[in-house]
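Okay, so here's the structure we're looking at.
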Amino acid sequence: MRKKNLILEIAVPVPLRRLFHYLPPVVGEWSQLKSGMRVRIPFRRRELIGIFMKTLHSSDQTEHKLKHAIEIIDTESLISSEVMHLCQWASDYYHAPIGEVLESALPKLLRQGKAIGEVKNSASLHTPLKCTVSLNGDQQQAVAALQAALGTFQVFLLDGVTGSGKTEVYLQAILAVLEKNQQVLVLIPEIGLTPQTIQRFRERLPCPVVALHSGLTEKKRLEAWNAARTGCARVVIGTRSAVFAPLPELGLIIVDEEHDLSFKQQEGFRYHARDLAIMRAKHNTIPIVLGSATPSLETCHNANSGKFIHLKLMDRAGGAQLPTFSLCDIRNQRLEEGLSPALFDAIRATIGRGEQAMLFLNRRGFAPVLLCHACGKIAMCGRCDTRMTYHQTQKKLQCHHCGSQKPLSKCCESCGSSELLPVGTGTQRLESALHERFPAHSIARIDRDSTQRKGEMDKLLESIQSGEHAILIGTQMIAKGHHFPNVTLVIIVDADGGFFNSDFRALERMGQLVLQVSGRAGRAEKKGTVMIQTHQPEHPLLNQLITDGYAAFAKTLLDMRQGTVLPPFSSFVLFRAEAHSQKKAKDFLEAVKTVFPHGQKSLQCFGPVSAPMPRRAGKYREQLLIQSSRRSVLQAALKEVLPAIEALKTSKTVRWSLDVDPMEMF
Ligand code: ADP
Ligand code: ZN
Ligand code: ZN
């Protein structure tokens, strides 16, 4: 390579949808330059670390004199061509700057310029436990189908209730891939990645298994990443961002609990790890399994249309029975801290038998509202359009949206009255009410407040498993993944939230949550009962869910979505804008709206409208929804208009973002 006339094209981690041109470094060796190596560069008045893409012989970026790169950091490429392809695809589909996409494919220490280092073979070999499980018919069929698909691109939906033996199917399929000397990527939700989960895979697999998640120290994370890259690790279990893990011999991808929201990155580079995993499998010509007891409607739709192959596990494996459901009509009932008398009776009977009762309530704190009895004012957050939650143990008011706190004052801030009433029930209040009723029994509460300190969650889970507590109370942190064999009663304290939410996915989520929570009941030899408190006991969907099951419920919801042309029967893109004044945010989105091609029947703009929470952390929030019945039309339009949007003067005065396939509409 001649040094003269050569230009390096570099992806830089900045929110600009373009690549940047540099001259080669003045000193140092660079003739072995490969795509995917890190390069230190001067950028504005800083030094940044970019990723080298390719060399060019001329540059159209002549607006400034081209600068020299400072140094080439690596001697080998850190982003394989396979991962590079995935990142390029993601950058195109999500219309995200390639520099930011590549940034999320690297562990933090590498983004900071640290040397890649030697791979310590810390992932030592375990002697796996001898497998004593003999698969049932459904499981065998599923494993056979996966085995037959190795080496081809195929998407499978592995559909089975909690405890139906999905993980056993994964383990058997992984063994088949390991025999072919290939690697496996297992993606699981944030909440599901417990030490027990990793332990189970380690115990059963005759190969080094590494975990990749945000709970690791940066050093450990880099080590795990590197073990995957060099092929030392044969199985990688990780959360969302592990979809970018370097796996040179990838043979199978598994996405467990594919419906889980944590697979969607909700800020910065907004991507869906499940969807990217499917693209990765496609590019590698390998199979991918999406497992769930409650598949997302998108996935159900793809299974119904034959795009995905539907594998069903019909029964609970190992003979455990499905729980019995009952709807508890709480209309006109005298509730005590949110619980009806029938529920207190059920709890008493359960713990009287020496079994455990679990209460699910997705509201932490003591009470969601603090009301002045004299003047009726409610304690509000000063920075958000929302109420402060009353936390009794810390004697504080807390905003669950921006995190601001204030000490509880003895009197109302508007009228000075000292009669302040906590209204509604949170997990802390439920705990104290149950303490009063059942003073002789131990109660465990699992929510973000009780598990703040590192290791606290594991300790709690362990003490629950050992049967130390009679009653468990928890938010959605207890909904997934955990095995509580002695829990025979599950109570959903408030199922009504799903009916009053404005998000079109609220009912789907409610159904998924009810079944996920129910999956905690009666996993061993004892049959479980699930009691659901509601003011809408006749609600047809809730009834369909508990009598006919999730598949029927999902079918009804899909028919409704089809009737109203909502996803998956159309595609959405959401522009969000935040500013110190509402007008600024609105003006920007109005301008965005005008640059979209008009008169195109298959493209519709809705808004701008205020976000469901119009002000958050002091910023006003507006949003603009773009919908099309054809994804390709929407994609093409976005590609066309984005340069114009970036050039808008108003784009500099607001914080704005673009969310392709938004999962939450606020
Ligand atoms: P899922 O992943 O669907 O929740 P698991 O694979 O964790 O289900 O299985 C639930 C329980 O049943 C586990 O304790 C597992 O060891 C056991 N199990 C799974 N398959 C079988 C089988 N074929 N025979 C006996 N026990 C099984
Ligand atoms: Zn008052
Ligand atoms: Zn707030």
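Read the numbers this way: they start at 1 and go in the same order the structure lists the ligands and their atoms. In this text the structure is predicted, and so the values were computed from the model without any measurement.
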### Query
In ligand 1, which numbered atoms sit nearer than 4.0 Å to a non-hydrogen atom of S134?
22 (C), 23 (N), 24 (N)

### Query
Counting backbone and side-chain atoms alike, does C411 have an N/O/S atom under 2.8 Å from the Zn ion (ligand 2)?
no

### Task
Kindly give the heavy-atom pair with the smallest separation between Y390 and P422, and that separation in Å.
CD2-CB, 3.8 Å

### Any T299 side-chain heavy atom under 4.5 Å of E258 side chain
yes

### Task
Determine whether the side chain, the backbone, both or neither of A293 has a heavy atom under 4.0 Å from any heavy atom of ligand 1.
neither

#### Entry: Check: H401 main-chain N/O paired with R616 side-chain donor or acceptor under 3.5 Å
yes

### Message
Give the atom numbers and elements of ligand 1 that come within less than 4.0 Å of a heavy atom of E168.
### Response
6 (O), 16 (O), 19 (C), 20 (N)

### Message
If you compare all heavy atoms of V487 against all heavy atoms of M358, which two are closest, and at what distance to 0.1 Å?
### Response
CG1-CB, 3.9 Å

## Note on the structure
Among Q140, K166, E257, closest by heavy atom to atom 3 (O) of ligand 1 is K166

### Side-chain donor-acceptor pair present, S296, E508, cut-off under 3.5 Å
no

### Task
Only one of V177, V289, L158 passes side-chain contact (heavy atoms from CB on, under 4.5 Å) with L146; say which it is.
V289

### Task
Heavy-atom contacts with L135 under 4.0 Å: which atoms of ligand 1 show up? List them by number with element.
23 (N)

### Query
Quick check: does C381 put an N/O/S atom under 2.8 Å from the Zn ion (ligand 3)?
yes

### Task
Angle at the Zn ion (ligand 2): provide the value between SG of C415 and SG of C375, rounding to 10 degrees.
110°

### Query
When only distance counts, is V133 in polar contact with ligand 1, meaning an N/O pair under 3.5 Å?
no

### Query
Per the side-chain contact (heavy atoms from CB on, under 4.5 Å) rule, which among V161, D138, D159 passes with L313?
D138

### Task
Have a look at ligand 1 and work out which part of V161, if any, has a heavy atom under 4.0 Å from it: side chain, backbone, both or neither.
backbone

### Query
Is T162 in polar range of ligand 1, meaning some N or O pair under 3.5 Å apart?
no

### Query
Applying a strict 4.0 Å limit to heavy atoms, is S164 in contact with ligand 1?
yes

### Message
Within rounding of 10°, what is the angle whose vertex is the Zn ion (ligand 2) and whose arms end at SG of C372 and SG of C412?
### Response
110°

### Task
Using a cut-off of strictly less than 2.8 Å, determine whether H373 has an N/O/S atom near the Zn ion (ligand 2).
no

#### Entry: For N136, the ligand 1 atoms whose distance to one of its heavy atoms is below 4.0 Å
23 (N)

### Task
Over 60° means perpendicular and under 30° means parallel, so classify the ring planes of W656 and F588, tilted if in between.
tilted

### Query
Which heavy atom in P323 sits nearest to a heavy atom in S518, and how many Å separate them?
CG-O, 4.0 Å

### Close side-chain approach of V236 and V209, heavy atoms under 4.5 Å
no

### Distance filter under 4.0 Å to G165 heavy atoms, resulting ligand 1 atoms
1 (P), 3 (O), 5 (P), 6 (O), 8 (O), 9 (O), 19 (C)

### Task
State which residues pass salt bridge (charged side-chain N to carboxylate O under 4.0 Å, His left out) with D447; sequence neighbours excluded, sorted by chain then number.
R445

### Task
Compute the angle centred on the Zn ion (ligand 3) spanning SG of C399 and SG of C384, and express it rounded to 10 degrees.
110°

